[in-house]
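Okay, so here's the structure we're looking at.
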Number of protein chains: 2
Amino acid sequence: MQDGNVTSGNHGEDLLFLTDDNLLQGIELMFFAYKGFTSDPDKILQNYTYGRAHHRAVHFINRKRGITVNNLLDILGVTKQSLNRVLRQLVDDGLVESRIGTTDRRQRNLYLTQKGKDLEQELSDAQRVRMRAAFRDAGPDAVRGFRAVLENMMDPEMRKRVQGLKG
Amino acid sequence: MQDGNVTSGNHGEDLLFLTDDNLLQGIELMFFAYKGFTSDPDKILQNYTYGRAHHRAVHFINRKRGITVNNLLDILGVTKQSLNRVLRQLVDDGLVESRIGTTDRRQRNLYLTQKGKDLEQELSDAQRVRMRAAFRDAGPDAVRGFRAVLENMMDPEMRKRVQGLKG
DNA sequence: CTTGGAATGTCAACAATACTGACATAAAGT
DNA sequence: ACTTTATGTCAGTATTGTTGACATTCCAAG
């Protein structure tokens, strides 16, 4: 509750931006921005029999082609039962292909089919339009700040996993 | 899909920060950061019979004491049936008081009781700890950028309603 | 080669949160 | 008087998450 270790502050003197009021504002900003952030794909998904969970699965399968089920579970942070439901639908509907692992045959490597890629493209296009406008109007310096704060807001283990996504 | 109206850019020349790759990174950052953002209150709520929906209601009732049900519905963006369920629980459990409006007797003005304030405090304390650390480590400039980008990400109507919260 | 454990899949039950549609009541506005 | 608004409530349904239990497959160690 207290101000804590000012000594570790890389930014020194002025900590007025850490008032409860500013923090509260940040909290609400997260809530409203996330609502906007998800609204465009959500609208599109209503035309399908899919929901946000399908979007997330399709996104990360596209992001890391050949990802294993366990890897995907770690990233999404849900139970295998929960993921399995949406994954089964996506496989049954021909959007995702589940191939037996080559090195470890217990594992399943997940890939998007063309149909899956098409949906992913449609969803991420919509999401990027909003993100691009937000970035553009805020400018590159603001985007750097946005990234810095959001990275700090993540759980440390997640930060590592995201690094893994990039590589 | 194209780069769009560069002419309207207030930042002119360098638009390299708007690559699809950067946008994708921003999208995933939103997902993981929001997960972190909600995780602390979620853990606390497990000790109660409440969920994230109760947290949101309690938060905004605390934020704008005496808020009407319709106002709260607009802010939360859910149906009255959905809100009513959690609101009834909170009233029954003595965390929220629902008073008949003075000027318009159809309206209900919502207030937190001491018990409600206590829960709100516990939840927002936890959420602020993370937010404060994220802000502090990123610095005031980054926080300004964070705010700018997230405000741009909100729906325009929501931006107005948030202004209403401040006043 | 057997056994242990890891990775995966599946079934069932359940909980939280959202939705739609329908209907009721009270009070405000015209 | 009539309409609209604000609120509450009931019923049904969908999505997404959870636990718990159990089966299968298969790598790896003994």
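Note on naming: letters A, B, ... go to the chains in the order of the sequence lines (proteins, then strands), and numbering restarts at 1 for each one. Only this structure's heavy atoms are used, side chains among them; waters, hydrogens and symmetry mates stay out.
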- prompt: If the sugar-phosphate is the primed atoms plus P, OP1 and OP2 and the base is the rest, what is the B/S/- string for nucleotides 21-30 of chain D, using protein heavy atoms under 4.0 Å?
  reply: B---BBS---
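- Between B:Y34 and A:Y34, the ring planes lie parallel to each other; the angle is under 30°, not in the 30° to 60° tilted range.
- OP1 or OP2 of C:dC19 sits under 4.0 Å from a side-chain N or O of B:T79.
- At whole-Å resolution of the value, CD in A:Q46 and P in C:dT20 are 9 Å apart.
- By the 6.0 Å and 45° rule, B:R99 stacks over the aromatic ring of B:Y111.
- For the side-chain contact (heavy atoms from CB on, under 4.5 Å) with A:R108, the lone residue among A:N70, A:I67, A:T68, A:I100 that qualifies is A:I100.
- Nucleotide C:dA18 holds its C1' atom 13 Å from the CZ atom of B:R52, rounded to whole Å.
- Here the nucleotide nearest the side chain of B:N84, chosen from C:dT17, C:dT8, D:dT9, is D:dT9.
- Ring-plane geometry between A:F146 and A:F135 is classed as perpendicular, the angle between the planes exceeding 60 degrees on a 0 to 90 degree scale with a lower cut at 30.
- When rounded to the nearest whole Å, the span between CZ of A:R99 and P of C:dT8 equals 16 Å.
- In this model, no side-chain donor or acceptor of B:R85 finds a partner on the base of C:dA16 within 3.5 Å.
- At least one test fails for B:R130 against the ring of B:F37: distance under 6.0 Å to the centre or angle within 45° of the axis.
- Applying the ring-ring contact (aromatic ring centres under 6.0 Å, His included) criterion to A:H59, with sequence neighbours excluded, gives no partner residue.
- Close to C:dA16, at under 4.0 Å from its OP1 or OP2, lies no side-chain N or O of B:H54.
- Put simply, CG on B:L87 is 17 Å from P on C:dA16, counting in whole angstrom units.
- Using a 4.0 Å heavy-atom criterion, one finds that A:R88 contacts the sugar-phosphate atoms exclusively.
- As rounded to whole Å, 10 Å separates atom C1' of C:dA18 from atom CZ of B:R56.
- Between D:dT18, D:dA6, C:dT8, one nucleotide has an atom nearer to the side chain of A:N70 than all others, and that is C:dT8.
- Residue order along DNA chain D, read from the 5' end via each residue's closest nucleotide, puts B:Q107 first among A:Q89 and B:Q107.
- Residues A:K35 and B:M154 fail the side-chain proximity criterion, which asks for heavy atoms closer than 4.5 Å.
- Regarding A:L72, its CG atom lies at a distance of 15 Å from the C1' atom of C:dG9, rounded to whole Å.
- The distance from atom OH of A:Y48 to atom P of D:dT15 is 16 Å, rounded to the nearest whole Å.
- To the nearest angstrom, P of C:dT8 lies 9 Å from CG of A:L110.
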